Amino acid sequence: MKSLQEIVNRAKRIVFFGGAGVSTASGIPDFRGEGGLYSREFEGLTPEMILSRSFFYLHPETFFDFYRRHMLHPDAKPNAAHAKLFEMERAGRLTGLVTQNIDGLHRQAGSRLVYELHGSVHENACMECGKPFSMAWMLGTSGIPRCPDCGGVVKPSVVLYGEAPDHYACTGACREIARCDVLIVAGTSLEVEPAASCLTYFRGKELVVINREETPADSRATLVIRGDIAETLGALHIEEAKACVRRESANRCRWMA
Ligand code: NAD
């Protein structure tokens, strides 16, 4: 913790790169961690198979049943990690928050400089007319959700396996990673591509990994913390950046909102 606090105090531009482990303390299971969805059987199928583009088109009813049951968590609230990252952004210390999560909890916590590589469960759109729908609307449907206006299938705006991540989110994330001097990677197995490859853009001084299990980034890290993310980040003391940096950050937040 002492080393992490020193790294954070020295940093000029911090970027956070996170995954499903950031939200386990909010009650949302991850995939590959202990007790994650991968440890459960879904009639012989893995979440990766069900949440794929081909499965969506071939077995839409099973897809939507799994999606509503296991990917939508309307009662989940941001935890201490989400709150601390928002505090870091507000203080002008965090210049980018890159997440593979689709739960929207970083935005719910207040963060604005968020790059959601895999989209968000809060956005759904009709595949025919493009009409947008909320998560609450999706939760209230059964079977294959259809647009009340045109009858088209309403698809969640989340990136399925076999689909390319959002171009804007990806280029923004890689740009921020390339410009930061401290990169904190947390709660991710780094198994999902191309998201994991965003880390190759990092040219900064300190790579910090916070994860319960080993990750492929550990060998390149200057600091590895094998602990809980919410506890670790929650214990950090955040000093405000200089007024000019805070102003620049606030302007970017307004632009990204
Ligand atoms: P993953 O499940 O592959 O890996 C999660 C990692 O986080 C594991 O190594 C686990 O040990 C660690 N971890 C879990 N809780 C932790 C905690 N409290 N403290 C420290 N470490 C913890 O997750 P991934 O790498 O993000 O890849 C999974 C994919 O599935 C992503 O694409 C993501 O979009 C999606 N997913 C998203 C959510 C969500 O939005 N909350 C949940 C499940 C899966």
Side-chain angles (χ1 to χ4, degrees), residues 1 4 16-40 42 46-53 55 63 66-85 97-109 111 114-123 135 138 156-166 169-170 173 184-199 208-218 221 223-236:
M1 263 321 290
L4 178 62
F16 181 85
F17 180 98
V22 175
S23 295
T24 51
S26 298
I28 303 180
D30 62 7
F31 276 179
R32 295 173 189 81
E34 215 186 308
L37 288 184
Y38 270 50
S39 59
R40 293 167 57 182
F42 300 99
T46 65
E48 202 164 354
M49 287 172 183
I50 300 171
L51 295 170
S52 69
R53 182 180 167 81
F55 196 91
F63 170 90
F66 179 92
Y67 180 77
R68 284 191 206 93
R69 272 174 207 243
H70 299 290
M71 303 313 290
L72 301 184
H73 301 271
D75 299 328
K77 297 273 177 297
N79 61 52
H82 299 101
K84 187 61 69 170
L85 290 162
L97 203 171
V98 184
T99 182
Q100 299 167 82
N101 291 349
I102 56 175
D103 53 38
L105 290 183
H106 286 299
R107 289 190 191 278
Q108 205 175 314
S111 294
V114 184
Y115 297 91
E116 290 172 319
L117 296 179
H118 295 157
S120 167
V121 292
H122 293 281
E123 288 166 29
M135 175 170 79
M138 178 61 83
S157 302
V158 299
V159 178
L160 302 178
Y161 289 97
E163 289 181 337
D166 179 69
C170 252
I184 303 175
V185 176
T188 172
S189 59
L190 295 174
E191 294 273 341
V192 179
E193 290 291 357
S197 290
C198 290
L199 301 194
V208 177
V209 177
I210 309 168
N211 211 63
R212 278 194 192 132
E213 291 159 82
E214 221 173 285
T215 82
D218 292 4
L223 177 66
V224 177
I225 298 181
R226 215 33 98 241
D228 182 77
I229 301 157
E231 275 173 28
T232 309
L233 290 185
L236 279 178

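Being a predicted model, the structure only gives us computed values, none of them experimental. As the structure lists them, so they are numbered: ligands from 1, and atoms in each ligand from 1.
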Is Ala186 in contact with ligand 1, taking contact as a heavy-atom separation below 4.0 Å?
no
Going by the angle between their ring planes, with limits at 30° and 60°, are Phe63 and Tyr67 parallel, tilted or perpendicular?
parallel
Should the proximity of Asn101 to ligand 1, defined as any heavy atom under 4.0 Å, be assigned to the side chain, the backbone, both, or neither?
both
Do Leu105 and Ser26 come within less than 4.5 Å of each other through their side chains, counting heavy atoms only?
yes
Within ligand 1, which atoms have a heavy atom of Ala20 less than 4.0 Å away?
23 (O), 24 (P), 26 (O), 38 (C), 42 (C), 43 (C), 44 (C)
Verify, without hydrogens or angle tests, whether Ser39 (side chain) and Gly36 (backbone) share a donor-acceptor contact under 3.5 angstrom.
yes
Where's the contact between Thr188 and ligand 1, heavy-atom distance under 4.0 Å: side chain, backbone, both or neither?
both
Suppose we measure from atom 9 (O) of ligand 1 to each protein heavy atom; which comes out shortest, and what is that distance?
Asn211 ND2, 2.8 Å
Between ligand 1 and Glu191, is the shortest N or O to N or O distance under 3.5 Å?
no
What one should report as the nearest heavy-atom pair of Arg226 and Glu214 is NH2-CA, 3.6 Å
Given Leu117, Leu233, Asp30, which one has a non-hydrogen atom that is nearest to atom 14 (C) of ligand 1?
Asp30
If you have a sec, work out which protein heavy atom is nearest atom 40 (O) of ligand 1 and how many Å separate them, to one decimal?
Ile102 N, 2.8 Å
Atom indices of ligand 1 within 4.0 angstrom of Glu213 heavy atoms, with elements
8 (C), 9 (O), 10 (C), 11 (O)
Neighbour count above 12 (heavy atom, 6.0 Å) for Glu163 CD:
yes
Answer yes or no: is there a donor N or O on one side and an acceptor on the other, between the side chain of Asn101 and the main chain of Asp103, under 3.5 Å?
no
Which residue supplies the protein heavy atom nearest to atom 4 (O) of ligand 1, what is that atom called, and how far is it?
Ser189 N, 3.3 Å
Of all protein heavy atoms, the one nearest atom 41 (N) of ligand 1 is Asp103 OD2, 2.7 Å
Correct closest heavy-atom pair for His82 and Ala109 would be CB-CB, 3.8 Å
Pro29 heavy atoms, cut-off 4.0 Å: which ligand 1 atoms fall inside?
42 (C), 43 (C)
Of all the non-hydrogen atoms in the protein, which one sits nearest to atom 34 (O) of ligand 1, and at what distance?
Gln100 O, 2.3 Å
Between Ser111 and Arg107, is there a donor-acceptor pair closer than 3.5 Å when you use the side chain of the first and the backbone of the second?
no
Student check: side-chain heavy atoms of Glu116 and Ile102 closer than 4.5 Å
no
Per-atom contacts, ligand 1 versus Gly227 - under 4.0 Å to a heavy atom
19 (N), 20 (C)
Just need the protein heavy atom nearest to atom 35 (C) of ligand 1, so name the residue and atom and give the distance.
Phe31 CE1, 4.0 Å
For His118, atoms of ligand 1 separated by under 4.0 Å from a heavy atom
31 (C), 32 (O), 34 (O)
Answer with yes or no whether Gly36 contacts ligand 1, where contact means a heavy atom under 4.0 Å from a ligand atom.
no
Measuring only between side-chain heavy atoms, which start at C-beta, is Ile50 closer than 4.5 Å to His70?
no
Provide the number and element of each atom of ligand 1 under 4.0 Å from a heavy atom of Asp228.
17 (C), 18 (N), 19 (N)
So is there a nitrogen or oxygen of Ile210 less than 3.5 Å from a nitrogen or oxygen in ligand 1?
no
Subset of ligand 1 atoms that lie under 4.0 Å from at least one heavy atom of Gly19:
26 (O)
Min side-chain heavy-atom separation Pro74-Met135 under 4.5 Å
yes
Could you tell me which atoms of ligand 1, counted from 1 in the order shown, lie closer than 4.0 angstrom to a heavy atom of Val192?
27 (O)
With a sphere of 6.0 Å drawn around CD of Glu34, does it hold more than 12 non-hydrogen atoms of other residues, nucleotides or ligands?
no
